[in-house]
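All of these numbers come straight from a predicted model, not from anything done at the bench. By convention in this document, chain letters (A, B, ...) are assigned in the order of the sequence lines, proteins followed by strands, and residues within each chain are numbered from 1.
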There are 2 protein chains.
Amino acid sequence: MKMVRKKVPKATINRLPLYLRGLVNFYSKGERVVSSTRLAELIGTNSAQVRKDLSFLGEFGIRGIGYEIEKLIEELSQFLGLAQAKKVIVVGVGRLGSALLGYNGFKERGFEIVAGFDVDPSKIGKEMNGVNIYKMDSLRKIVKKIGVDIGIITTPAQKAQEVAEKLVEAGVKSILNFAPVSIEVSDKIPVRNVDLSVEFQILSYYLSKGEKSIIKRGNEKRFGEGGKPSIK
Amino acid sequence: MKMVRKKVPKATINRLPLYLRGLVNFYSKGERVVSSTRLAELIGTNSAQVRKDLSFLGEFGIRGIGYEIEKLIEELSQFLGLAQAKKVIVVGVGRLGSALLGYNGFKERGFEIVAGFDVDPSKIGKEMNGVNIYKMDSLRKIVKKIGVDIGIITTPAQKAQEVAEKLVEAGVKSILNFAPVSIEVSDKIPVRNVDLSVEFQILSYYLSKGEKSIIKRGNEKRFGEGGKPSIK
DNA sequence: CTCTGTGAAGTTGTTCACAGCC
DNA sequence: GGCTGTGAACAACTTCACAGAG
């Protein structure tokens with residue numbers, strides 16, 4: 001029972017879902033084995049990177065052959081905690097919120113949107129794509145009842161911080177924020193931000209520079225609030 | 001006329017739009033000067049990081065005081081190439097594509113969506129939020145005519161690669177891809193990928209680990225295709 | 001005394017290069 | 001001969017710590 005699996009770098013964590021995506025794709029095309037080189041091409045890195053990344057989870061390659069796709073998918077899913085389905089809610093059923101409610105691809109991947117919330121009376125009580133829209137006041141009660149893994153914020157910027165606090169208070173375990181502000185959650189709740197204007201602006205820079213190709217991958221950590229430095 | 005401004009790290013580039021966002025926010029609240037510490041809190045990093053990042057663009061802080069917000073906004077906008085408005089098209093007017101077409105926040109920030117494209121005859125010829133939807137066959141002609149800075153891909157995964165190639169071929173200068181596949185563009189065209197399932201899966205990992213807070217920021221580079229290493 | 005700008009130190013992440021197994 | 005796994009070298013990025021300006 002060896003428990004001390006080496007610490008997996010954040011940068012690696014961010015790539016694992018991409019490997020998984022590619023592997024599932026390969027598998028559905030009938031392939032059963034894949035080399036690090038092939039996987040690397042797929043996500044725009046090199047084979048050494050792939051081998052190093054995968055080596056953090058264990059040794060499941062076969063020298064001279066490659067990786068058995070089915071087994072790798074299993075290992076990655078396990079490692080990423082995808083074994084059980086996750087429950088997701090969407091707060092803010094505007095254009096983007098509606099688009100997310102309407103997309104069925106998440107469910108296939110184990111992320112089920114179980115409720116929507118909004119303040120607009122014309123939306124409350126309706127259902128979209130089989131998902132009920134509730135009023136904000138019900139958030140706490142519903143979250144307590146069904147247990148929610150991920151809360152998506154698709155409200156206007158000014159409401160985002162307030163919503164984030166309500167989500168945490170209600171017991172939502174992590175947050176995906178689409179509002180164009182940084183939200184501050186006092187707790188140790190994982191938060192990821194997706195700001196499309198930021199994406200545009202980064203592209204704008206490379207455009208104006210006449211720069212080379214870039215592939216975006218998530219990254220950047222922070223602990224709690226203050227930015228306390230760690231041990232030294 | 002000193003031209004050899006130091007190379008700005010990718011990690012810094014990815015943070016600049018966040019500083020800009022925060023500065024605009026501060027400014028609209030009537031503030032005129034800001035310290036590195038305050039800016040750092042805003043995006044979840046520390047003051048040394050902020051000062052180092054800004055120092056790559058020049059010296060515009062005032063010792064003992066801080067940064068003049070208006071000036072910093074100007075410098076950042078300039079640096080990111082936001083001085084002239086950018087033209088954007090959306091290929092794939094499904095749920096997500098429609099949401100993007102309907103959102104007016106981009107225009108305010110200088111990114112104007114000038115056309116949509118789809119294969120669905122029921123959408124072609126319509127207009128959404130003042131943007132005309134064209135058939136895919138018109139892509140080349142329209143892009144040639146108006147000049148397009150950013151092409152957004154919101155098609156199903158199977159079509160994304162094909163669309164990417166058409167965009168490049170038509171002369172679109174950069175790509176923002178929402179389809180859940182890695183696209184391969186032969187040219188030196190900047191590409192950024194946003195895959196919401198990937199975001200979910202990264203959150204899933206931190207959830208299952210009971211891990212600390214993370215803030216996502218884009219990152220990861222690649223040159224052209226092969227992954228050729230650089231000079232040694 | 002406050003807050004910036006920046007070399008230097010420290011940390012994290014990537015690539016090399018080769019031993020080991022198929 | 002082909003491909004993985006991995007220490008060691010290298011490169012990128014972050015944080016420290018302090019000189020210097022207001």
OP1 or OP2 of D:dC3 less than 4.0 angstrom from a side-chain nitrogen or oxygen of A:Ser36, does that happen here? no
To the nearest Å, give me how far apart CD1 (A:Ile69) and C1' (D:dC3) are. 15 Å
A:Arg15 side-chain N/O to C:dT14 phosphate OP1/OP2 under 4.0 Å: yes
Could you label the plane-to-plane angle of the A:Phe106 and B:Phe200 rings as parallel, tilted or perpendicular, counting under 30° as parallel and over 60° as perpendicular? perpendicular
Between B:Leu72 (CG) and C:dC3 (C1'), how many Å, whole number? 14 Å
Consider the side chain of B:Glu59, meaning its heavy atoms from C-beta on, and name the nucleotide among C:dG13, D:dT15, C:dG5 that approaches it most closely. C:dG5
Candidate pair A:Ile152 and A:Val91, rule side-chain contact (heavy atoms from CB on, under 4.5 Å), full reasoning: CA-CA 6 Å; A:Ile152 300 183; A:Val91 182; over 6 Å; no
Given that A:Gly64 and A:Lys52 both sit by DNA chain D, which one's nearest nucleotide is further toward the 5' end? A:Gly64
Euclidean distance, atom CZ of residue A:Arg63 to atom C1' of D:dT4 [Å, nearest integer]: 5 Å
Phosphate oxygens OP1/OP2 of D:dG5: is one of them under 4.0 Å from a side-chain N or O of A:Tyr67? yes
Shortest non-hydrogen separation from A:Arg21 to B:Val198 and the atoms involved: NH1-CG2, 4.3 Å
For the pair made of CG in B:Leu54 and P in D:dT14, what is the distance, rounded to whole Å? 13 Å
Round to a whole Å and report the spacing from CG of A:Leu39 to C1' of D:dT4. 13 Å
Quick one: is D:dT15 close enough that its OP1 or OP2 comes under 4.0 Å of any side-chain N or O from B:Gln49? yes
Looking only at side-chain atoms of B:Ser35, point me to the closest of C:dT4, D:dT14, C:dG5. C:dT4
Does B:Lys87 pair with B:Glu112 as a salt bridge, N-O distance under 4.0 Å? no
Atom pair distance, as rounded to whole Å: CG in B:Asp53 and P in D:dC13: 11 Å
Without decimals, in angstroms, what is the distance between A:Ile65 CD1 and D:dG5 C1'? 16 Å
Identify, between B:Val34 and A:Arg51, the residue whose nearest nucleotide on DNA chain C lies closer to the 5' end. B:Val34
Would you kindly give the CG-to-C1' distance between B:Asn14 and D:dA12, to the nearest whole Å? 13 Å
Salt-bridge test for A:Lys166 and A:Glu162: reply yes if a basic N is under 4.0 Å from a carboxylate O, no otherwise. yes
